[in-house]
Structures are given as structure tokens and as C-alpha cells.
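As C-alpha cells, the structure follows; a few thoughts come after it.
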Amino acid sequence: MKVLGIETSCDETAAAVYDGERGLLSHALYSQVKLHAVYGGVVPELASRDHVKKLLPLVQQALTEAKVAPKELDGVAYTAGPGLVGALLVGASVARSLAFAWGKPAVGVHHLEGHLLAPMLEATAPEFPFLALLVSGGHTLLAEVRGLGDYRIIGSSLDDAAGEAFDKTAKMLGLPYPGGPALARLADNGKPGGFEFPRPMLDRPGLDFSFSGLKTAVVVAIRGRTLDEQTRADVAYEFQQAVVETLVAKCARAAKQTGLKTLVVAGGVGANRRLRAELQTLGERRGLRVLYPRPEFCTDNAAMIAYAGYRRLAAGEHDDLKIRATARWPLDTLRGPASAPSP
Ligand code: ATP
Ligand code: MG
Ligand code: FE
């Protein structure tokens, strides 16, 4: 079964083709990062307009690279939410209309289901059930993934998402948008011990996260100071360390609580090398298998949407002619393919 996947939930336009027998055949992506950088964040209206311009050429590129003609496809999958509604509508309209014109089934996919299943695109794919840490720009959660569409959220952030905390702290350090990866690079030159930041919520039981206090601690530490390059790197180092230690400690707790032996890490912050190194150590200590998508599939991409769509289409699910775009769509309201369709 061959599925075209389309992603436009935020500031990446992407298309990919996944084949149930041969795996991922192609993936094409255009990042709008430069477009939004001057504003210091994503401008929704500009994002939508740029998706309109870039999407069809990317679809064509993905099909050409996969050497798949539209008539050979078995369906079209697209991100139906959550995300920026105008941006989502572009991908949803194009995907649903292409499927209609080609006489193929279409399926709207939950963006976070895409992130959660992304490690299944790799050679060492996890099998259900597994524990998942999803750390992205908009979400921080721990979930018990029991099967396709069967996600039980056991911990989440009470305020900022991990990626958001990275981005906001990067901004305070004068780093350009998007700050997360830039902050991680700066931290490579940082020395430990120069600053002391809290490990939020570690002293409390449970699996929830909170990152806004940590952000405030950075504000307080640097307020009124002119920071030289080394000091900025030292702040970045200790900030990253505080986030990473918090995430790792909660993963350890969640593994103990659920008894699950596989941990899957997904979402943009999953590309963070420090986090990967510390989770590796945790895995070795606790007999926990830690799996990730390749770094480029940690952040937004269409490969994960094609894959999630393939799983749902293969299980017999598909949508009617309605074009679906839902800005807010809680992950735990999803169901497996056999049940009632989602909103
Ligand atoms: P969501 O998936 O929740 O809707 P999103 O799609 O914006 O949000 P992703 O694309 O999964 O999120 O991830 C982007 C986030 O990951 C940004 O906040 C970015 O700063 C962060 N990020 C990317 N690479 C790194 C890194 N190496 N270290 C830390 N953070 C990173
Ligand atoms: Mg993005
Ligand atoms: Fe995302």
C-alpha cells in the first residue's frame, strides 16, 4: 500500500510517500524558518500563504523521487490537527482535493500521532506497547502507547512545553529564532557550575512537568547584566542541563511506574544531543531500550504523516469528503481505526 503524506501544521511544508512493503520512498520538505525569523516567531497568516505557494511543487517532488504515479497511490494522508488552523487548512484542502480528483481515499492524521509513530520509520522500530516522551515546540508529554490510537497520557506540562522553554530562553540570550537548536549549540561551549537553576517538579511525586519557573530563574540570573560570550554559553549549558535532567528523571519514574521496557522519544527536542546522551545512560542502567527517529524526523516532516496515514488506511479507516482541520485536538481523544472517526 502506497500513501502520500502531507504536513502543513506550522512552519514546515512537507510531502512524503510511504510504501507498506518497501518503507519510506521519498520525503521533501521546505522550512519557512527564514520567513518568520525577522518576526522572532511564526506569523500564522504568512505561514498559510507560504504553504499555498510551496505545497504542490513539493508533492510533485515527493512523487517523482518515489517514482510513484498518482494512480499507483492507495491513499492520501494529511495533518488534520492540532496546529495553526489556516496552515492546516492549506494541507487539508490540497490533500483532500487531490485524493478526490485521483479517486483515492483520504485520511486526516493527528500531528502528535505522527510524532509518536515516527520512530517506526527506522530500522530498529519499536513494537507496541511502549512508553513515549513527546517533547516538541507545543507539547511535553509522557504517554503509554498501547496500540495505534490507544494513547494514555500519564504526564504533561502544566505550562510551557520543553521546546517553547528552549525557544524563550534562547531569545533572552539574544539568539535568533528558532532558538532551541541555537541554544543547544551555544551550550556546547558552556562550562558547568557557573549558574544554578531549579529542576522543576522533581521534588514532587507524579509525572507532570513545569518549565516556566526555570525560565524565570534564567531571567533573574541574567537581569541587568551584560553577558560576555562565555557567560551566555554557561547559562545555556546549565539551562539545557536542568531541562534534560528533569525530562530524564520523569522518564525513569514513568518506566518504573508502567513497567514498560521500551522508551520512544519524539518531537523536536528529541533531536537534542545532551538529552539523547543522558537517556542512553538511563537506558543502560535500567535495562530500558531507548529509540528515536533520525534527527530530521524529530521535527516536523511528512514522512511521519505518510506513515501514520498508512497505518490507519491499512486498518480500513478513511474519511468522507469533509476537509478536516482542527486547531485543538487532545491526543487522548483519539481512537483506534476500528472505532468511531475522530472530529
Ligand atoms: P508540536 O509538534 O507540539 O505542534 P512543533 O511542531 O512546533 O510543535 P517540533 O517541530 O516537533 O514542534 O519541534 C520544534 C521544537 O523543537 C522547537 O521548540 C525547537 O526549538 C526544538 N528543538 C529542535 N531541535 C532542538 C535541539 N537540538 N535542542 C533543543 N530543542 C530543539
Ligand atoms: Mg517548525
Ligand atoms: Fe510537530
Side-chain angles (χ1 to χ4, degrees), residues 5 7-14 29-37 40-44 46-47 50-51 79-85 87-88 91 109-119 132-141 143 153 156-157 160-173 175-188 190 209 211 215 236-237 239-244 246-247 265-279 292-305 308 326-331:
E7 156 68 35
T8 64
S9 69
C10 188
D11 61 346
E12 261 87 35
T13 322
L29 180 140
Y30 175 81
S31 173
Q32 304 178 350
V33 129
K34 282 206 185 89
L35 175 72
H36 302 292
V42 179
V43 183
L46 296 183
D50 210 45
H51 287 310
T79 304
L84 302 169
V85 78
L88 288 166
V109 168
H110 195 291
H111 181 76
L112 299 185
E113 177 167 84
H115 276 303
L116 283 180
L117 302 184
L133 172 71
L134 178 78
V135 272
S136 61
H139 299 84
T140 302
L141 46 94
I153 295 173
S156 57
S157 179
D160 292 353
E164 194 180 357
F166 262 93
D167 294 338
K168 287 180 176 170
T169 304
K171 206 169 189 172
M172 291 191 282
L173 291 173
L175 295 168
Y177 166 87
L183 189 143
R185 279 193 300 276
L186 183 62
D188 284 342
F209 304 89
F211 291 107
K215 189 185 61 193
Y237 179 94
F239 167 80
Q240 174 172 267
Q241 203 54 30
V243 176
V244 166
T246 307
L247 293 174
V265 184
V269 183
N272 186 275
R273 280 188 288 122
R274 188 79 211 172
L275 177 64
R276 288 182 174 227
E278 303 236 344
L279 284 174
Y292 312 86
R294 68 195 83 167
E296 63 180 320
F297 292 166
C298 281
T299 44
D300 290 348
N301 66 87
M304 67 184 193
I305 302 305
T326 314
R328 285 179 193 282
W329 184 4
L331 180 67

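In this text, all values refer to a predicted model and were calculated from it rather than measured experimentally. We count ligands from 1, going down the list as the structure has it; atoms in each ligand are counted the same way.
- Taking the side chain to side chain contact (heavy atoms under 4.5 Å, CB included) definition, one finds that Val43 meets it with His36, Tyr39, Leu46, sequence neighbours left out.
- When the options Asn272, Val244, Thr299, Val243 are ranked by their closest heavy atom to atom 28 (N) of ligand 1, first place goes to Asn272.
- In terms of heavy atoms, Val265 sits closest to Gly270 at CG1-CA, 4.0 Å.
- When atom types are taken as modelled, the side chain of Gln32 and the backbone of Ala47 share a donor-acceptor pair closer than 3.5 angstrom.
- Taking every heavy atom of both residues into account, Ser9 and Pro82 meet most closely at CB-O, 3.9 Å.
- Residues Ala162 and Thr140 approach most closely at N-OG1, 2.6 Å, considering heavy atoms.
- Between Phe166 and ligand 1, no pair of N/O atoms sits closer than 3.5 Å.
- Around the Fe ion (ligand 3), the protein atoms of type N, O or S that sit closer than 2.8 Å are His111 NE2, His115 NE2, Asp300 OD1.
- Between Phe209 and Phe211, the ring planes lie parallel to each other; the angle is under 30°, not in the 30° to 60° tilted range.
- Of all protein N, O or S atoms, those under 2.8 Å from the Mg ion (ligand 2) number 2.
- Taking each heavy atom of Ala182 and Pro176 in turn, the nearest pair found is CB-O, 4.5 Å.
- Evaluation of the side chain to side chain donor-acceptor pair (under 3.5 Å) rule for Gln240 yields Asn272 as partners, not counting sequence neighbours.
- By the 3.5 Å distance cut-off applied to N or O atoms, Gly268 is counted among the residues near ligand 1.
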